[in-house]
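Down below is the structure, laid out as structure tokens.
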Amino acid sequence: MIQQYSIYKGLERPLVYRGFKGKFIYYGIGSLAAALVLGGLSGALFGMYVGGFVTIASVAGGLFYTFQKQKNGLHDKTRSRGIFIHPTRLKLSHAERKENGI
């Protein structure tokens, strides 16, 4: 008699919290923590109003940046734009290397 068990495969969809998905949840939390530290430091050094302004500006900037990065997807890759021309002749002789400074 073979007993069968169901296999737990996770949520089967990305974790979403307040519009952030997957790793961007951690990015948002990191930007909030960094903004609090930065605002606290500037508040201690320059005054309460400056610290409050820096905190609000840092939180808004960090969350906006995180939303913008999220638009590229969870697995973002570098997309180069432009025209790339590869040389057709890859072998260089020793004399040509000295001329080209290679």
Q) Does anything in residues 34-67 pair up under ring-ring contact (aromatic ring centres under 6.0 Å, His included), and if so which pairs, sequence neighbours excluded? A) Phe20-Phe67
Please set out all donor-acceptor pairs under 3.5 angstrom arising from side-chain atoms of residues 23-45, sequence neighbours excluded.
unit_1	atom_1	unit_2	atom_2	d
Lys23	NZ	Leu74	O	3.1
Ser31	OG	Tyr27	O	3.4
Ser31	OG	Gly28	O	2.8
Ser42	OG	Leu38	O	3.1
Ser42	OG	Gly39	O	3.1

Q: Indicate the atoms forming the closest heavy-atom contact of Gln70 with Lys21, along with that distance.
A: OE1-N, 3.4 Å
